[in-house]
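Heads up: the structure comes next, in structure tokens.
Read the numbers this way: they start at 1 and go in the same order the structure lists the ligands and their atoms.
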Amino acid sequence: MVGHNTHTLAVGKLQHKIEEARRLHHEADVVIIGAGILGCAVAVALGNQGRSVILLEKSLKEPDRIVGELLQPGGVAALEKLGLRECLEEIDAVKVYGYDVIYYGEEVRIPYPANAVDGDDEVSVEKSRTDEMRGMKRKRPEGRSFHHGRFIRRLREKAMQNTNVTVVEATATELVRCSYTGKILGVEATVQGQPDSFFGDLTIIADGYASKFRKEFRTDLPIARSKFWALELIDVPLPMPNHGHVILGDGAPVLLYQIGTHETRALIDIPTNTPTALPAAGGAKAHLRNVVLPSLPPAVRPAFAAALDRDRLRSMPNSFLPPTTNRTPGLIILGDALNMRHPLTGGGMTVAFNDAVLLSALLSPSTIPSLSDTPAVLAQMRKFHWQRKNLTSVINILAQALYSLFAANDSQLKALQMGCFRYFKLGGNCVDGPVGLLAGIIRKPFVLFYHFFAVALYAIWIYATSGGVSKFPVRVVGSVGVFWKALRGR
Ligand SMILES: Cc1cc2nc3c(=O)[nH]c(=O)nc-3n(C[C@H](O)[C@H](O)[C@H](O)COP(=O)(O)OP(=O)(O)OC[C@H]3O[C@@H](n4cnc5c(N)ncnc54)[C@H](O)[C@@H]3O)c2cc1C
Ligand SMILES: *[C@@H]1O[C@H](CO)[C@@H](O)[C@H](O)[C@H]1NC(C)=O
């Protein structure tokens, strides 16, 4: 008994010293820049493994943003693995069972596929059909949509409650490098207007889409071909409650999903240089009123018009940025700072949470006793780059491909777009596959490849059987090839 008590005391003392090292001396195993989606998740995951973590955030106020509001089932599953599922509670989150795609007024429901239990399981046609017949007995995967700021507040609370994590309101200003080895030793920051610094065996950059720090490590810039403009609609009757809505027509896609009991987010994609949204034509507001409003389901229009009159319009660039392998000793870049895809498919948070799961597994203390073992950490980062690909390449390619298709404005891509919608209408595996990929629950790039070509062939078949002759099918095949090439490797 005595021995046990002495041991507990010793551990308690050690913990206290480690906490003091963070608080007074600003020293930890890991320093993380940015307490957003990725930063909070990684801080908790590493803290749970007994690492000492400092988490820096420039503003601890509840954020008010138009991003990260729909979490796919694959993201919910990853959140659960991280022990953070509770963060979806008490924020008035809304359950999401799938999508409702509305194509020129015609609707198709795309539910998340049942029986896709874990990330590595593929949805088989046979099983999903039997599940349909069994009705609602089997639990289907669920996503969640919510106010981003409330979710972030819950994630930050979890980080603050973890005894191995110290959260500091600080703006990181510059990385600290060892001039001999080039290793990153930590970061300089401003804390309450005063310069300060923080040191760790590992520094993690998670400062989001406009990352100040990634520029030092890569020369390519994110590519944005469009922006999402946002409105918040109040008490709007959606065609299909508890579903994400994708509205397709002549223009670029519009998304609608509930983010609370009374609030619905509308995200309207406006490609750069859209003539009807140019300043001369009255800008984005005029475009929303004159072009987008009339294209919406009639039941949605009054709330949309009211929001247009009431709200300040906000927008965010829809960026694409392929990931790179981290080769800098002492440093890891993650989240939007590392890799972005068009937000049409709501994949960013799912990627971030899955990356947090994978990273903490690869850096677990049983494999990497000390994070100061730089060669061992770098070797794990090479594994990280390849192991995350099965999930992220699927999410990234699908996001870019669907966006190109849904925002199509030339006749060949329009034919593919129609083929895609008709393909969804076939139901069964034709929806289970694509939506399983989108949801982050199917991780097989081949499944994406398969459906991609199935859609293309279906589009050609529809065209051929609808009396189309001439060289059109050949041109469609050609455009598919071009399309696929443009997307490969993303
Ligand atoms: C319009 C739009 C809609 C989206 N919708 C969805 C969606 O529905 N579902 C989905 O899964 N994804 C969505 N995404 C993507 C998703 O928002 C991101 O992938 C996700 O937020 C990335 O997390 P992150 O932690 O890398 O960055 P962030 O969540 O942006 O966090 C970065 C944090 O770093 C802090 N920070 C920045 N600089 C510093 C500094 N110098 N010092 C200290 N702190 C700093 C910031 O304050 C912030 O808290 C959307 C994106 C866009 C653009
Ligand atoms: C914090 O780290 C210690 C080891 O240093 C570990 O025993 C403990 O479980 C960790 N605490 C939490 C909340 O994970």
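- Atom 30 (O) of ligand 1 has Arg65 NH1, 2.9 Å as its closest protein atom, hydrogens excluded (heavy atom only).
- Classification of the Tyr97-His243 ring pair by plane angle, with boundaries at 30° and 60°, yields perpendicular.
- In terms of polar-atom proximity, defined here as any N/O pair under 3.5 Å, Met349 does make such a contact with ligand 1.
- Within the 4.0 Å heavy-atom cutoff, Pro317 counts among the residues contacting ligand 1.
- Proximity of Ala170 to ligand 1 is established by a heavy-atom distance of less than 4.0 Å.
- At a 4.0 Å cut-off, not a single heavy atom of Gln49 sits close enough to ligand 2 to count as contact.
- Interface of Gly335 with ligand 1, defined as ligand atoms under 4.0 Å from a residue heavy atom, comprises 26 (O).
- In the vicinity of Gly346, heavy-atom distances shorter than 4.0 Å reach the ligand 1 atoms 7 (C), 9 (N), 10 (C), 11 (O).
- Remark: ligand 1 and Glu57 share an N or O pair separated by less than 3.5 Å (distance only, no angle test).
- Residue Ala172 has at least one N or O atom closer than 3.5 Å to an N or O atom of ligand 1.
- Without hydrogens or angle criteria, Arg214 side chain to Asp336 main chain gives a donor-acceptor distance under 3.5 Å.
- Comparing Gly440, Pro343, Ala41 by heavy-atom distance to atom 3 (C) of ligand 1, the nearest is Pro343.
- Close contacts of ligand 1 with Thr171, meaning ligand atoms under 4.0 Å from a residue heavy atom, involve 41 (N), 42 (N).
- Proximity to Asp336 (heavy-atom distance under 4.0 Å) selects the following atoms of ligand 1: 18 (C), 19 (O), 20 (C), 22 (C), 26 (O).
- Between Val67 and ligand 1, a contact under 3.5 Å exists for no N or O pair.
- Atoms of ligand 2 lying under 4.0 Å from at least one heavy atom of Asn164, given by number and element, are 1 (C), 2 (O), 3 (C), 8 (C), 10 (C), 11 (N), 12 (C), 14 (O).
- Any N or O atom pair closer than 3.5 Å counts here, and Asn318 shares no such pair with ligand 1.
- Taking the six-membered ring for Trp and thresholds of 30 and 60 degrees, His26 and Phe198 have nearly parallel ring planes, at less than 30 degrees apart.
- Distances from atom 45 (C) of ligand 1 to the heavy atoms of Gln72, Lys58, Arg265, Arg156 show the closest one on Lys58.
- Considering only non-hydrogen protein atoms, atom 8 (O) of ligand 1 sits nearest to Leu70 N, 3.0 Å.
- Aromatic pair Phe424/His451: ring centres not closer than 6.0 Å.
- Within the structure, the closest approach of Ala206 to ligand 1 falls below 4.0 Å when heavy atoms are considered.
- Counting heavy atoms from C-beta outward, Lys95 and Arg144 have side chains that approach closer than 4.5 Å.
- In this comparison of Gly68, Ala35, Gly34, the heavy atom closest to atom 17 (O) of ligand 1 sits on Gly68.
- Using a cut-off of 4.0 Å between Lys/Arg side-chain N and Asp/Glu carboxylate O, Lys17 and Glu20 are scored as not salt-bridged.
- Residue contacts with ligand 1: Gly347 is included, with a non-hydrogen atom under 4.0 Å away.
- Contacts with ligand 2 closer than 4.0 Å are made by side-chain heavy atoms of Gln15 only, the backbone lying farther away.
- The aromatic rings of Phe353 and Phe151 lie perpendicular to each other, with more than 60° between the two planes, well past the 30° mark.
- Atom 9 (O) of ligand 2 is not flagged as protein-proximal [any protein heavy atom, distance under 4.0 Å].
- Residue contact check for ligand 1: Leu71 places no non-hydrogen atom closer than 4.0 Å to it.
- Considering both main-chain and side-chain atoms, Leu334 never comes within under 3.5 Å of ligand 1 through any nitrogen or oxygen pair.
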